[in-house]
K.L.:
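Would you mind keeping the following structure in view while I ask a few things?
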Protein chains: 2
Amino acid sequence: MTELKHEPFRTLHLEHASTVDRVADELRRAVFDGELESGTPLRELAIAASLGVSRPTVREALTVLVAEGLAMREPNRGVSVATPEADSVRDVCAARLVLEGAGIRQWRSATEEQQALVRSTLAAYIAAIESDASYQELNERHLAFHVSLVGLTGSPRLVAMQENLVVELKLALAQVDRIRRNAHDQADSHAALVRLLERDDLDAAYDFLVRHLADAQGEIVEALDLT
Amino acid sequence: MTELKHEPFRTLHLEHASTVDRVADELRRAVFDGELESGTPLRELAIAASLGVSRPTVREALTVLVAEGLAMREPNRGVSVATPEADSVRDVCAARLVLEGAGIRQWRSATEEQQALVRSTLAAYIAAIESDASYQELNERHLAFHVSLVGLTGSPRLVAMQENLVVELKLALAQVDRIRRNAHDQADSHAALVRLLERDDLDAAYDFLVRHLADAQGEIVEALDLT
DNA sequence: TCTGTCAGATTGTCTGACAATCTTCGGGCC
DNA sequence: GGCCCGAAGATTGTCAGACAATCTGACAGA
């Protein structure tokens with residue numbers, strides 16, 4: 001084989017974006033940015049014309065969105081932006097507690113690398129707050145921190161599941177915050193959680209997480225009901 | 001509305017199967033039955049001709065399979081049946097432990113209905129064993145029991161995640177058992193687990209689950225390495 | 001041995017089309 | 001006046017055919 005030991009091109013990375021992917025990306029962006037209200041029908045022809053691609057391509061992109069839970073397909077009635085229900089939010093938070101709780105419980109058996117990821121994700125979140133980053137970015141960093149907690153389990157599948165849950169949350173937040181943007185500062189709370197972890201006080205950390213998720217759920221559900 | 005109180009047609013259910021769904025079902029069946037070896041390329045034209053549908057329809061069905069993890073898509077190289085790696089199996093089992101463990105921990109706070117589901121699923125598994133059911137059905141019942149454990153959490157999303165994991169396991173089993181079918185009787189072990197639950201001895205039940213999953217993982221990985 | 005080139009196969013995407021189904025709207029009937 | 005019903009329009013689900021881009025493999029040439 002012609003494989004070199006040092007692999008000098010390891011950092012190179014070609015963006016292999018198919019048309020379908022780019023269409024899906026654009027639709028995702030529009031949903032998260034709140035340009036598309038929940039329940040908005042996503043007409044294939046309109047999107048195809050608007051983006052300058054063909055209908056089959058749009059169709060494929062839509063099935064991707066549906067698989068991700070960002071949209072709903074009703075037979076013979078097309079695809080529309082999913083509407084986050086209060087029950088869904090409650091379920092997402094319950095599921096998050098299971099996944100993130102599992103991560104916390106495995107703090108001690110996690111690798112140094114995984115622990116470092118939690119710290120650095122928290123640091124990035126704090127830095128974003130202090131630099132007055134955009135609302136979107138704060139959300140992103142915040143949720144990335146919670147994903148990193150699941151990363152402590154070392155299980156790619158659990159992380160993937162958490163990322164799915166986070167997508168649903170982002171959808172709900174996009175709907176809620178389209179009306180009133182309230183990305184309030186939660187850095188202290190998260191920093192306290194990490195301190196408990198560093199102190200190996202896992203039970204306290206878990207209790208902390210329980211309260212934190214309950215709070216988040218309460219806020220989102222409340223805001224959702226006002227819609 | 002003309003809605004009747006007793007809803008006499010509640011049991012009626014029209015199979016609203018689109019062509020895409022039926023193609024996907026057929027492909028799934030073929031994979032689980034071991035007709036398609038892992039790594040087999042799934043050519044769009046061949047499948048379309050073989051099933052008498054058009055290529056776009058097959059394409060959509062394939063993206064469904066890929067989303068489910070049953071197949072892999074490599075850009076410009078098409079879709080092929082996924083190959084279960086030992087690492088994947090280990091990860092699936094680790095993830096299962098988190099989900100099923102969460103179910104067990106919530107046994108007490110589960111509804112009567114959810115607990116009954118666990119019992120009845122176990123009963124169905126045992127009945128299938130005693131009636132010398134087919135290999136496929138035993139597998140199905142066995143895994144259904146484990147799903148019902150996750151059902152104790154009452155979280156539809158966690159159940160959906162577990163079902164995804166189970167799909168991957170079924171794929172691995174299909175590959176392993178294509179060579180040697182070894183659906184050995186595990187009814188006693190599962191019955192013991194339920195007895196521990198009924199006795200509210202959750203810690204023991206959890207330990208039991210840990211061992212059970214470790215055993216299962218060991219067997220599958222071993223059989224996989226022999227391939 | 002390595003590189004460049006070419007044919008065949010397969011996918012990614014487009015165009016155009018048609019039937020089935022849903023929605024809407026207006027007409028006829030009580 | 002209000003309600004059932006049928007026709008028109010819109011949209012999806014599916015199909016057929018086509019073409020460019022890319023991958024594979026083989027073969028010739030430096």
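Sequence lines set the chain letters: A, B, ... in the order given, protein chains first and strands last, and positions in each chain run from 1. What's counted below: heavy atoms across the whole structure, side chains too, no hydrogens, waters or symmetry copies.
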K.L.:
Parallel, tilted or perpendicular: which describes the rings of His142(A) and His212(A), with under 30° parallel and over 60° perpendicular?
P.N.:
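Ring orientation of His142(A) relative to His212(A): perpendicular.
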
K.L.:
Can you tell me which nucleotide in dG13(D), dT14(D), dT13(C) comes closest to the side chain of Ser54(B)?
P.N.:
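Among the listed nucleotides, the one closest to the side chain of Ser54(B) is dT14(D).
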
K.L.:
Shortest non-hydrogen contact from Phe32(B) to Val167(B)?
P.N.:
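Scanning both residues completely, I find the closest heavy atoms to be CE2-O, 4.0 Å.
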
K.L.:
Does the dG12(C) base have a donor-acceptor partner in the side chain of Arg55(B) within less than 3.5 Å?
P.N.:
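Flag set: donor-acceptor pair detected.
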
K.L.:
If you check the Arg59(B) side chain, which of dT23(C), dG12(C), dC15(D) turns out closest?
P.N.:
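Between dT23(C), dG12(C), dC15(D), the one nearest the side chain of Arg59(B) would be dG12(C).
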
K.L.:
Can you measure Met72(B) atom CE to dT11(C) atom C1' for me and round it to whole angstrom units?
P.N.:
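Going from CE in Met72(B) over to C1' in dT11(C) covers 15 Å.
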
K.L.:
Between Asp91(A) (side chain only) and Arg157(B) (backbone N and O only), is there a donor and an acceptor less than 3.5 Å apart?
P.N.:
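Confirmed, Asp91(A) side chain pairs with Arg157(B) backbone.
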
K.L.:
From CD of Glu44(A) over to P of dC14(C), roughly how many Å is that when rounded to an integer?
P.N.:
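Rounded to whole Å, this separation is 14 Å.
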
K.L.:
Rounding to a whole Å, what distance do you find between Arg73(A):CZ and dT11(D):P?
P.N.:
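My rounded result for the distance is 16 Å.
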
K.L.:
Of the non-hydrogen atoms in Gly154(A) and Gln114(A), which two are nearest, and what is the gap between them?
P.N.:
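In terms of heavy atoms, the two residues are closest at CA-NE2, 3.4 Å.
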
K.L.:
For dT21(C), does either OP1 or OP2 sit under 4.0 Å from a side-chain N or O belonging to Arg77(A)?
P.N.:
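Checking Arg77(A) against dT21(C): no side-chain N or O falls below 4.0 Å of OP1 or OP2.
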
K.L.:
Of the nucleotides dT15(C), dT13(C), dT10(C), which one has an atom closest to the side chain of Ser18(A)?
P.N.:
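In terms of side-chain proximity for Ser18(A), the closest of dT15(C), dT13(C), dT10(C) is dT13(C).
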
K.L.:
Which whole-number value in Å describes the distance from Leu62(A) CG to dT14(D) P?
P.N.:
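The distance from CG of Leu62(A) to P of dT14(D) comes to 15 Å, rounded to the nearest Å.
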
K.L.:
Whole-Å distance between dT13(C) C1' and Arg22(A) CZ?
P.N.:
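Distance, rounded to whole Å: 11 Å.
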
K.L.:
Starting at CD of Glu74(B) and ending at P of dT10(C), how long is that distance when rounded to a whole Å?
P.N.:
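Result: 15 Å.
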
K.L.:
Considering only side-chain heavy atoms of Asn76(B), which listed nucleotide, dT13(C), dG12(C), dC15(D), is closest?
P.N.:
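That would be dG12(C).
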
K.L.:
Kindly point out which of dC15(D), dT13(C), dT12(D) is positioned nearest to the side chain of Val20(A)?
P.N.:
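From the listed options, dT13(C) comes nearest.
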
K.L.:
Hey, what's the ring geometry for His190(A) with Phe145(A), parallel, tilted or perpendicular (30° and 60° as the breaks)?
P.N.:
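His190(A) vs Phe145(A) ring planes: perpendicular.
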
K.L.:
Can a side chain N or O of Thr19(A) be found less than 4.0 Å away from OP1 or OP2 on dT13(C)?
P.N.:
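Yes, within the criterion.
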
K.L.:
Could you state the atom-to-atom distance from CG of Leu45(A) to P of dA10(D) in whole Å?
P.N.:
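So the two atoms are 11 Å apart, to the nearest Å.
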
K.L.:
Would one find a side-chain N or O of Thr57(A) under 4.0 angstrom from OP1 or OP2 of dG12(C)?
P.N.:
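Looking at the OP1 and OP2 atoms of dG12(C), neither is under 4.0 Å from any side-chain N or O of Thr57(A).
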
K.L.:
Please state how far atom CZ in Arg43(A) lies from atom C1' in dA10(D), giving the value in whole angstrom units.
P.N.:
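Atom CZ in Arg43(A) sits about 8 Å away from atom C1' in dA10(D).
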
